[in-house]
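Shown next, in structure tokens, is the structure this report addresses.
Basis for what follows: all heavy atoms, side chains included, without hydrogens, waters or symmetry-related copies.
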There are 2 protein chains.
Amino acid sequence: MPTYKEIQSVLLDRIKSGEWKPGMLMPPEAELAGEFGTTRVTVNRAMQALAEDGFVERRRKAGTRVVRRMTRDAHVRIRIVRDEIEQSGRRYSYLLVSRGVERPPQAIQAELGLAAETGALHVMCLHFADGKPFQLENRWISLDVVPQAADERFETVSPNEWLLQTVPYSNAEHVFRAAGASPQETEHLDLGPNEPVFIIERTTWLEGQTVTHVRLSHPADGFRIVTRD
Amino acid sequence: MPTYKEIQSVLLDRIKSGEWKPGMLMPPEAELAGEFGTTRVTVNRAMQALAEDGFVERRRKAGTRVVRRMTRDAHVRIRIVRDEIEQSGRRYSYLLVSRGVERPPQAIQAELGLAAETGALHVMCLHFADGKPFQLENRWISLDVVPQAADERFETVSPNEWLLQTVPYSNAEHVFRAAGASPQETEHLDLGPNEPVFIIERTTWLEGQTVTHVRLSHPADGFRIVTRD
DNA sequence: GAGTGGTCTAGACCACTCG
DNA sequence: GAGTGGTCTAGACCACTCA
């Protein structure tokens, strides 16, 4: 008697091998239960897992179809920058560049959902790998949502790590892009003017309220994002 | 009687609100089943979903713990370049630059897992948005794994789309990075020398065999990757 | 050894949606 | 209306692993 994971794997093989082609209707659960000598519930569990993984689409009455893919999904795991540097065997160091409450530029203000007059905590800092600038962190924190940040100096703990401790389960959206180095990036990352940088922008919210917006800039050589799956 | 999804959502709220903090042991399934007035199986389904989403870790006898996160996961959906351009309301066009069987450079040879003497199909082509170069596709295809590719001219269908039709459920690994434009990119993408480009490199395999390796280069302005979740 | 999660069965009812 | 998936229950046995 196969487990649902074995069934899942067999069904996936049939999809990958082309026995069941994209767009095709798969047999109903009851029929597969008969074939595998198991219950419908077990087959159901297997097919739900396939649906979560994006291989099939299921609708009541309509049945289960192999998905026609016009996209590729990839998963990215972004580590705390300190761990990323240390796990690659390099020495990590940290430098606070500036910290203060300011009125953010309009784009950031909109992103944070702030009223026109409200200030936010602006922190800039640098992360080094073996003494070389690795990442410039340019961050705005909403003091409405995280008032505790006002008491934190960020002289030894980076806002990145502090926020992950303080607001561990916020949601986030990331933008990855490339650009020529801005004057600020040129200066702090020790680059020539307009040299390529890799930028991650992240906006983080908790229960509908924006917590923070950050721009993480990296010299293009020595930084890459690798997906898993 | 709550459904497992309702239970999942209640448990997630307790985690997000900090009632159950990172590292904490959660009550056993049997106890929660009592609390929710349902069966252990239903609670189990809810907690398995939380585990798949990365919020908790479960071990027999040890119980279920809220995960201590030092990472952030993000999901990326990469569309076929034609869809990406057309869905943004721009006109898509395609140009084949070159196509032929060649001995690939060593790095690609290793990536494709080819013997030293073996050739592979090398295709270069361009994707335009409103007549402006949007993406340079530089691809190597293993003829051992996809012999049908030898008969395909790629004059109107890009290798990207052809492969997605032909080998729809291969696995892939992506690398995202930034760089200054190479001479080739400078020429085809209509850039100045060393202007920033955003590069996606993708290696694709099917049942342990490498199908293809591709380098997709984009002018940095006008290209970004946005994550979902 | 004993507590915890992993999974199965058999039967049931419900919810959706296609024709 | 009828076929399909979504989910629950009650009970059971097993697999792991901590103390």
Side-chain angles (χ1 to χ4, degrees), chain A residues 1-16 19-69 73 169 229, chain B residues 1-16 19-69 73 169 229:
Chain A
M1 63 205 90
T3 69
Y4 83 87
K5 285 188 176 163
E6 289 166 340
I7 295 177
Q8 179 183 350
S9 149
V10 171
L11 299 180
L12 188 52
D13 281 348
R14 291 188 189 168
I15 291 172
K16 288 196 170 177
E19 182 180 338
W20 289 336
K21 297 199 188 310
M24 257 181 79
L25 194 61
M26 291 163 67
E29 294 180 352
E31 189 178 323
L32 291 172
E35 176 191 337
F36 288 110
T38 180
T39 324
R40 188 170 76 81
V41 180
T42 304
V43 174
N44 179 278
R45 189 77 178 78
M47 297 187 87
Q48 285 201 11
L50 289 176
E52 270 180 28
D53 293 345
F55 290 106
V56 304
E57 269 174 3
R58 326 192 70 203
R59 288 211 315 279
R60 286 161 159 147
K61 167 70 180 176
T64 301
R65 279 178 196 286
V66 180
V67 166
R68 267 204 181 78
R69 286 221 232 187
D73 289 0
Y169 290 106
D229 273 21
Chain B
M1 63 204 93
T3 69
Y4 83 88
K5 285 188 176 165
E6 288 166 340
I7 295 177
Q8 177 183 353
S9 149
V10 170
L11 299 181
L12 188 52
D13 281 348
R14 292 188 190 167
I15 291 171
K16 287 197 170 177
E19 182 179 340
W20 289 335
K21 296 198 189 308
M24 257 180 80
L25 193 62
M26 291 162 67
E29 294 180 351
E31 188 179 323
L32 291 171
E35 177 192 336
F36 289 111
T38 180
T39 325
R40 189 171 76 83
V41 181
T42 304
V43 174
N44 178 279
R45 189 78 178 79
M47 295 186 89
Q48 284 202 11
L50 289 176
E52 271 179 28
D53 293 345
F55 290 106
V56 303
E57 268 173 4
R58 326 192 70 203
R59 288 211 316 279
R60 287 160 158 147
K61 167 70 181 178
T64 301
R65 279 179 195 284
V66 180
V67 166
R68 267 205 183 81
R69 286 221 233 187
D73 289 0
Y169 290 107
D229 272 25

- Item | B/Q48 side-chain N/O to B/R45 backbone N/O, donor-acceptor pair under 3.5 Å | no
- Query: Would you call A/E35 and A/R14 a salt bridge, using N to O less than 4.0 angstrom?
  - Reply: yes
- Item | Gap between atoms CD and C1', on A/E6 and C/dG6 respectively (whole Å) | 13 Å
- Task: Remember a base hit wins even if backbone is also touched, and classify A/R59 as base, sugar-phosphate or nothing at under 4.0 Å, heavy atoms.
- Result: sugar-phosphate
- Task: Return yes if some donor-acceptor pair links the side-chain N/O of A/R65 with the main-chain N/O of A/G23 below 3.5 Å, else return no.
- Result: yes
- Taking CG from B/L25 and C1' from C/dG3, how many angstroms apart are they, rounded to a whole number? 12 Å
- Message: Would you say A/T3 places a side-chain N or O within less than 4.0 Å of OP1 or OP2 belonging to C/dG6?
- Response: no
- Task: Starting from C1' on D/dC16, measure out to CZ on B/R58 and report it in whole angstrom.
- Result: 13 Å
- Which residue lies toward the 5' end of DNA chain C, A/R40 or B/G63, if each is placed at its nearest nucleotide? B/G63
- Query: What pair of heavy atoms forms the shortest contact from B/P22 to A/Y169, and how long is it?
  - Reply: CG-CE1, 4.0 Å
- Taking the side chain of B/P28 as its heavy atoms from C-beta onward, which of C/dT4, D/dC8, D/dG5 lies nearest to it? C/dT4
- Task: Figure out the CD/P separation between A/E57 and D/dG5, and round it to whole Å.
- Result: 14 Å
- Message: Nearest whole Å is fine: how far is C/dG5 P from B/M26 CE?
- Response: 9 Å
- Task: Specify the separation, in whole Å, of atom CD of A/Q8 and atom P of C/dT7.
- Result: 10 Å
- Counting side-chain heavy atoms from CB outward, which of C/dG5, C/dT7, D/dG6 is closest to B/E29? C/dG5
- Could you tell me whether the side chain of B/T3 and the main chain of B/E6 form a donor-acceptor pair under 3.5 Å? yes
- Find the distance B/E52:CD to C/dG5:P and express it as a whole number of Å. 17 Å
- Message: Please determine whether a side-chain nitrogen of the Lys or Arg among B/R40 and B/E29 lies less than 4.0 Å from a carboxylate oxygen of the Asp or Glu.
- Response: yes
- OP1 or OP2 of C/dG6 sitting under 4.0 Å from any side-chain N/O of B/Q48? yes
- Message: Side-chain N or O of B/N44 versus OP1/OP2 of C/dG6: is the shortest distance under 4.0 Å?
- Response: yes
- Query: Quick one: which of C/dC13, C/dT17, D/dC8 gets closest to the side chain of A/K61?
  - Reply: C/dT17
- Task: Starting from the 5' end of DNA chain C, give me the residue, A/T42 or A/A62, whose nearest nucleotide shows up first.
- Result: A/T42
- So, is A/T38 near the phosphate of C/dT9, with a side-chain N or O under 4.0 Å from OP1 or OP2? yes
- Item | Protein-nucleotide distance (B/R45, atom CZ; C/dG5, atom C1'), rounded to Å | 15 Å
- Query: Who does D/dC13 pair with, Watson-Crick or G-U, both distances under 3.5 Å?
  - Reply: C/dG6
- Message: Between B/V41 and B/R60, which residue's closest nucleotide on DNA chain D lies nearer the 5′ terminus?
- Response: B/V41
- Query: According to the Watson-Crick and G-U wobble definitions, with both distances under 3.5 Å, which nucleotide is paired to D/dC18?
  - Reply: C/dG1
